Amino acid sequence: MKIYQITLTQSAQNIAHSNRTSLLESLENHGIHHEYQCRSGYCGSCRVKIKKGKVSYKELPLAFINPNEILLCCCQVESDLELEL
């Protein structure tokens, strides 16, 4: 399984992530807590800005996201990321 580097620009942290868990869960496992509600792409509470990298979604989320935003709870990481977090 591929391991991706996730860079958090506001806190200057780097974490390793594999798609075995959601990106939200990976952040929590590293002691980084971010707002969430549904954990399934319905509410948009976990929306963050992506500065670099690529994600995809197994199913199109129902929550509205801008082109430069992702949902931490349900995105699939496709490359190393830089997030405004």
Side-chain angles (χ1 to χ4, degrees):
M1 180 161 285
K2 179 111 171 94
I3 304 295
Y4 299 102
Q5 279 300 119
I6 312 299
T7 302
L8 310 176
T9 60
Q10 292 179 351
S11 61
Q13 290 181 284
N14 289 304
I15 67 163
H17 170 75
S18 72
N19 282 328
R20 285 184 287 193
T21 63
S22 72
L23 186 49
L24 179 60
E25 288 175 299
S26 283
L27 291 170
E28 290 173 334
N29 290 339
H30 286 87
I32 301 159
H33 300 283
H34 185 70
E35 178 66 34
Y36 70 89
Q37 293 294 319
C38 70
R39 291 190 179 259
S40 55
Y42 295 115
C43 71
S45 292
C46 65
R47 177 185 302 121
V48 297
K49 290 188 180 190
I50 182 170
K51 299 183 71 93
K52 290 182 184 173
K54 182 180 178 188
V55 300
S56 63
Y57 297 91
K58 287 183 181 179
E59 294 181 28
L60 193 61
L62 293 178
F64 174 80
I65 52 174
N66 288 310
N68 64 337
E69 295 176 331
I70 63 170
L71 297 176
L72 296 174
C73 71
C74 61
C75 70
Q76 293 291 306
V77 176
E78 302 288 337
S79 70
D80 292 342
L81 300 179
E82 188 174 303
L83 303 177
E84 197 171 289
L85 183 68

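All of these numbers come straight from a predicted model, not from anything done at the bench.
Between the CD1 atom of I3 and the CD1 atom of I15 there is a distance of 11.0 Å, given to the nearest 0.5 Å. The CG atom of L83 sits 4.5 Å away from the CD1 atom of I70 when rounded to the nearest 0.5 Å. Distance check: L81 CG to Y4 OH gives 9.0 Å after rounding to the nearest 0.5 Å. Annotation: the span from I32 atom CD1 to L24 atom CG amounts to 11.0 Å, rounded to 0.5 Å. In this structure, the separation between CG on L72 and CD on E35 is 11.0 Å, given to the nearest 0.5 Å. The distance from the OH atom of Y42 to the CD atom of Q37 is 15.0 Å, given to the nearest 0.5 Å.
A salt bridge does not link E69 with K49: none of the charged nitrogens is closer than 4.0 Å to a carboxylate oxygen.
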Query - Audit row: I6, L8, side chain to side chain contact (heavy atoms under 4.5 Å, CB included) steps and yes/no - result: CA-CA 7 Å; I6 312 299; L8 310 176; 4.0 Å; yes
Report task. Go through the steps for C75 and Y57 under the test side chain to side chain contact (heavy atoms under 4.5 Å, CB included), then give the verdict. Result -> CA-CA 5 Å; C75 70; Y57 297 91; 3.5 Å; yes
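Here the closest non-hydrogen pair linking L71 and A63 is CD1-CB, 4.0 Å. When all heavy atoms of H33 and E28 are compared, the pair lying nearest together is ND1-CG, 4.1 Å. S40 and C73 get closest at one heavy-atom pair: N-SG, 3.6 Å. Counting all heavy atoms, side chain and backbone alike, S45 lies closest to H34 at O-NE2, 4.1 Å. Of all heavy-atom pairs spanning V55 and V77, the tightest one is CG1-CA, 4.2 Å. The minimum heavy-atom distance between G41 and P61, with the atom names listed, is O-CB, 3.6 Å.
Identified under the side chain to side chain donor-acceptor pair (under 3.5 Å) test for residues 13-24, with sequence neighbours left out: T7-N14, S11-Q13, H17-N19, H17-S26, S18-R20, T21-S26, S22-E25. Applying the side chain to side chain donor-acceptor pair (under 3.5 Å) rule to pairs touching residues 71-85 yields S56-E78, sequence neighbours excluded.
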